[in-house]
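The structure appears below as structure tokens.
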Amino acid sequence: MLMRPALALALLATPALAKSPRDMMFPSDASCYLRQYTPLHLAGHPDQRVTLVALGPVSGEWGDPRYLVLTVALHVRGTSERYQAVAYCENESDHIYCQMEGDAGGFVLTPGRDGAVRMALGRGGIGFEGAQDFLELSGTTGDDRVFLLPAVPADACP
């Protein structure tokens, strides 16, 4: 019995054969994404507070392939404070959903062009506790809701 071409194509496109979002964006614990915004970019976006954002897996947290543990690091205008938090993430069809530790909000990661990652905050935003103060980024207002982060060597991430 011959297989119809449409059925053959459907079998080839099954999720079992496709790479998961995690496998595409974080193939190893050396995966790292970082964006440091230039003064020119920031001058054109006066409502953007974030000057640097970095994402990378927490080393040694690769036990269960369904979950991914990431470190999220930020620098913002007007302070030398480094904000850092942990996010617990899982694959969801064509993206990764991440929940910040301590109910500090969530974000979605999707593959971007040229190996970059697009990080979009959820409606509730995300929060960080720094050494000196707290930082909250809104998920509904301001210019700190979506970040396009290029892949960089692991040693470039803070």
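Since this is a predicted model, take the numbers as computed values, not measurements. Hydrogens, waters and symmetry mates are skipped; everything else that's a heavy atom, side chains included, is used.
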Ignoring hydrogens, what is the shortest heavy-atom contact between [X] and [Y]? Give both atom names and the distance.
X	Y	value
D144	L137	CB-CD2, 4.0 Å
R145	G142	NE-O, 2.9 Å
P57	L68	CB-CD1, 4.3 Å
L121	G139	CB-CA, 4.2 Å
L148	A116	CD1-CB, 4.0 Å
P111	M25	N-SD, 3.6 Å

With sequence neighbours left out, what residues match H41 under side chain to side chain contact (heavy atoms under 4.5 Å, CB included)?
-> R35, Y37, T38, H45, Q48

Which residues pass the side chain to side chain contact (heavy atoms under 4.5 Å, CB included) test with P153, sequence neighbours left out?
-> D155, A156

Under 4.5 Å between side-chain heavy atoms, hopping through other hydrophobics if needed: is there a path connecting M24 to V108?
-> no

Give the cluster check for V146 versus V117: same hydrophobic cluster or not, with ILVMFWY residues linked at side-chain heavy-atom distances below 4.5 Å.
-> no

For F128 and M100, what are the C-alpha separation, side-chain angles and deciding distance, and is it a side-chain contact (heavy atoms from CB on, under 4.5 Å)?
-> CA-CA 9 Å; F128 295 85; M100 300 284 283; 3.7 Å; yes

Has the side chain of [X] got a donor or acceptor atom that lies under 3.5 Å from a matching backbone atom of [Y]?
X	Y	answer
E81	A131	yes
R82	G130	no
Q99	G105	yes

[atom2] on [Y] to [atom1] on [X], rounded to 0.5 Å:
X	Y	atom1	atom2	answer
H95	C89	NE2	SG	11.0 Å
L74	F147	CG	CZ	6.5 Å
R113	R118	CZ	CZ	11.5 Å
Y97	N91	OH	CG	14.5 Å
L149	C32	CG	SG	9.5 Å

Got a sec: does the CG of D47 have more than 12 other heavy atoms crowding it under 6.0 Å?
-> yes

Over 12 non-hydrogen atoms of neighbours within 6.0 angstrom of CD in E92 | yes

With side chains defined as the heavy atoms from C-beta onward, is the minimum distance between [X] and [Y] less than 4.5 Å?
X	Y	result
T51	L42	yes
P21	T110	no
V86	V69	yes
M119	I126	yes

Determine, stepwise, if the pair L109 / L55 fulfils side-chain contact (heavy atoms from CB on, under 4.5 Å).
-> CA-CA 10 Å; L109 299 174; L55 289 173; 3.6 Å; yes

Among residues two or more places apart or on two chains, list those pairs meeting side-chain hydrogen bond (donor to acceptor under 3.5 Å, both in side chains) that have a residue in residues 120-133.
-> Y83-D133

Steps toward ring pair (Phe, Tyr, Trp, His ring centres under 6.0 Å) verdict (F26, Y33) = CA-CA 10 Å; F26 295 95; Y33 297 91; 5.4 Å; yes

